[in-house]
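What follows is a set of notes on a single structure, which appears directly below.
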Amino acid sequence: MAVKNEPLTAGGELEPLPRERNENGRKPVLRPLAPSTYLLRNAGKTIPLTGVIMLAILLVAGIISMIDSIPYSIRTIYSYSKEMLGVTPRGDPSLTPKIIEEIKRNSPVPLDRVMLCRASSSQVQSIVGKWPFVVLGLNQSDTLYYLKRQGSKRLIGRLPKPGAPEAIVSTPIAKNLGLRLDDPHGTKQQRDASVLLGPDKTDSYSPQYVKVVGIADTDRWLMVDSVEYQREHYLPPVDIALVFARNPADQDRLDHWADNRFKGQRAQIFAYFQIDKSTRDMFKTLYAILNIVIGTLVLVITFMMGMLMNIYQSQRLQEFGLLQAIGYTRKQLLRRVALESVAVVVLGWVLGVCLAFGMLNVVKTVLMDPKAYALDSLDPMAYRYTAPLPFAILIVALATVIIRFRRFDPVGIVERRLV
């Protein structure tokens, strides 16, 4: 009888034989219960399940991010008020010096500057329509301080001349309203594009055409013109006090102190925390409705995924019956299916989040940025709202499998398979 020579290693030990291949030329599967085995070999069935989860995550994140962009826009547009406290004497100009003296004497934090200004109104565009915006009238010294305080890196153009119908806007304002620097030698269309305020603008009225002569390089939304021009052409003749804390981190403390100090008096406070609070209160009902909509969406998608999982597992009954018939326990099979479900759901959620992030960036670049509309593609709220979805799908998937295995008859499956 012929003896097969076994290959030896240098140390005299048996060298492992090369792994045999099956009739299709593929290496045999050594771990039939590995979660990846079925998923990779049946991509035509697992990819659609993953795709449905991805689209569900994309839908939820997209809806939440777009809705949340409205209050986010409000906070972004009026974020200039983070740097200052505005106080007006409610139409009585004689009270302005007294209010300023009260603030200087009793301020809880050191002050950097208190300036007098005037204010007129304009409007900016948002994704939900026009919003009111303030045009501050400042002298040149206060304008330079104000721009620096608002993080302006440079000024393209120049400052408004005292008393002249000229203004400075920031980069977001220029994008939002399509404004450009005044060019006396430009075409009529170019000159019209430099007008910020005018007698024919019902939303941004001024007795004269106020031209843009400077664009501040900052992400804050700013409109500034000459205080001398406003004092000459606008009523009522009331100066507004702008108060700046020496340390910007103390500004919020100063704002809250002033709100409490002048409550009930003839003084009106303008501060960022008021805008933030009113924004949250304004959208509280909207978010409550949104919670109902998203909850309903999660239930519908979960129910749909439960039916898909049920069909998906029904197609594998012969596989489960044969594996249990050759010795695999029900616990092993349950563990395998549970790990497969976790892999599909987690992969679908991760890919869905990536897809949502990519789509929101495209929307931001193509639709929002050209008009300086605010959209946060990394909005934490949008991605938090997607968290219940994979958990709900996973619970339904596992419950479907457990219920099916409780009534599972491997002998009957094998008999039908053999017949």
Side-chain angles (χ1 to χ4, degrees), residues 60-91 99 103 108-109 119 121-136 150 172-173 176 203 219-223 240-243 245 248-298 360 364 368 371-388:
V60 172
I63 291 175
I64 298 298
S65 183
M66 296 300 293
I67 294 296
D68 199 40
S69 69
I70 302 174
Y72 179 58
S73 295
I74 295 175
R75 291 190 291 267
T76 299
I77 290 175
Y78 301 119
S79 62
Y80 66 89
S81 58
K82 289 181 179 180
E83 305 299 330
M84 63 188 187
L85 166 68
V87 187
T88 175
R90 296 185 184 275
I99 292 172
I103 293 174
V109 300
S121 63
S122 181
Q123 286 195 339
V124 295
Q125 297 286 345
S126 75
I127 58 176
V128 292
K130 295 181 178 180
W131 282 344
F133 200 81
V134 64
V135 184
L136 291 178
Q150 296 291 348
I173 292 285
N176 183 260
D203 299 328
D219 58 355
R220 295 284 174 82
W221 293 53
L222 309 173
M223 295 183 186
I240 298 172
L242 298 183
V243 187
D250 293 332
Q251 189 68 47
D252 185 64
R253 181 184 173 192
L254 174 64
D255 295 348
H256 280 84
W257 170 82
D259 183 60
N260 292 325
R261 177 64 184 81
F262 293 105
K263 188 170 293 183
Q265 299 188 28
R266 198 178 178 85
Q268 186 174 3
I269 303 300
F270 298 96
Y272 179 77
F273 80 88
Q274 295 174 329
I275 296 173
D276 186 57
K277 181 178 182 300
S278 62
T279 301
R280 296 179 188 279
D281 293 341
M282 185 190 313
F283 288 91
K284 188 178 297 182
T285 303
L286 177 62
Y287 283 123
I289 296 173
L290 195 60
N291 287 335
I292 297 174
V293 172
I294 297 301
T296 305
L297 183 62
V298 169
L360 290 173
K364 185 175 185 298
M368 311 297 272
K371 283 291 187 179
Y373 296 154
L375 176 67
D376 186 5
S377 57
L378 288 174
D379 186 359
M381 178 180 291
Y383 299 109
R384 280 201 304 268
Y385 267 79
T386 66

To the closest 0.5 Å, what do you measure between CD (Glu83) and CG (Leu222)? 10.0 Å
How long is the gap from CG on Leu85 to CZ on Arg253, to the nearest 0.5 Å? 14.0 Å
Set out, in order, the CA-CA distance, both residues' side-chain angles and the distance that settles side-chain contact (heavy atoms from CB on, under 4.5 Å) for Ile269 and Asp255, then state yes or no. CA-CA 8 Å; Ile269 303 300; Asp255 295 348; 5.9 Å; no
Can you label the angle between the Trp257 ring and the Phe262 ring as parallel, tilted or perpendicular, going by 30° and 60°? perpendicular
Would you check if there is a donor-acceptor pair between the side chains of Tyr385 and Asn291 at a distance under 3.5 Å? yes
Considering all heavy atoms of both residues, which atom of Tyr383 and which atom of Ser377 are nearest to each other, and what is their separation? OH-O, 2.7 Å
Check whether any side-chain heavy atom of Leu290 sits under 4.5 Å from a side-chain heavy atom of Ile63, and report yes or no. yes
Of the non-hydrogen atoms in Ala374 and Met368, which two are nearest, and what is the gap between them? O-CE, 3.7 Å
Heavy atoms, side chains only, cut-off 4.5 Å: are Thr296 and Ile292 in contact? yes
State the OG-CZ distance between Ser126 and Phe133, to the nearest 0.5 angstrom. 12.5 Å
Sidechain-backbone polar pair: Gln150 side chain, Tyr80 backbone, donor-acceptor under 3.5 Å: yes
Side-chain contact, heavy-atom cut-off 4.5 Å: Asp68 with Phe283? no
What is the distance from atom CD1 of Ile275 to atom CZ of Arg75, rounded to the nearest 0.5 Å? 11.0 Å
One should read off an interatomic distance between Arg90 CZ and Gln268 CD, to the nearest 0.5 angstrom, of 4.5 Å
Do Val134 and Met223 make a side-chain contact, defined as non-hydrogen atoms from C-beta onward lying under 4.5 Å apart? no
Between Ile240 and Phe270, does the side-chain contact (heavy atoms from CB on, under 4.5 Å) criterion hold? Intermediate values first, please. CA-CA 10 Å; Ile240 298 172; Phe270 298 96; 5.7 Å; no
side-chain contact (heavy atoms from CB on, under 4.5 Å) between Phe273 and Asp259: does it pass, once the steps are laid out? CA-CA 10 Å; Phe273 80 88; Asp259 183 60; 3.7 Å; yes
Do Asp379 and Tyr72 come within less than 4.5 Å of each other through their side chains, counting heavy atoms only? no
Could you report the tightest heavy-atom contact between Ile127 and Tyr373, atom names first, then the distance? CG2-CD1, 3.3 Å
Ile99 and Ile103: CA distance, side-chain angles, deciding distance, side-chain contact (heavy atoms from CB on, under 4.5 Å) verdict: CA-CA 6 Å; Ile99 292 172; Ile103 293 174; 4.0 Å; yes
Under a 3.5 Å distance rule, please check whether Ser65 uses its side chain to pair with a backbone N or O of Ala61 as donor and acceptor. no
Nearest non-hydrogen partners of Val135 and Ser122, listed with the distance: CG2-CB, 3.8 Å
So which atom in Tyr272 and which in Tyr78 form the shortest heavy-atom distance, rounded to 0.1 Å? CD1-O, 3.8 Å
Rounded distance (nearest 0.5 Å) linking atom CG of Asp376 with atom NZ of Lys364: 8.0 Å
When you measure from the side chain of Gln251 to the backbone of Ala245, do you find a donor-acceptor pair of N or O atoms at a distance under 3.5 Å? yes
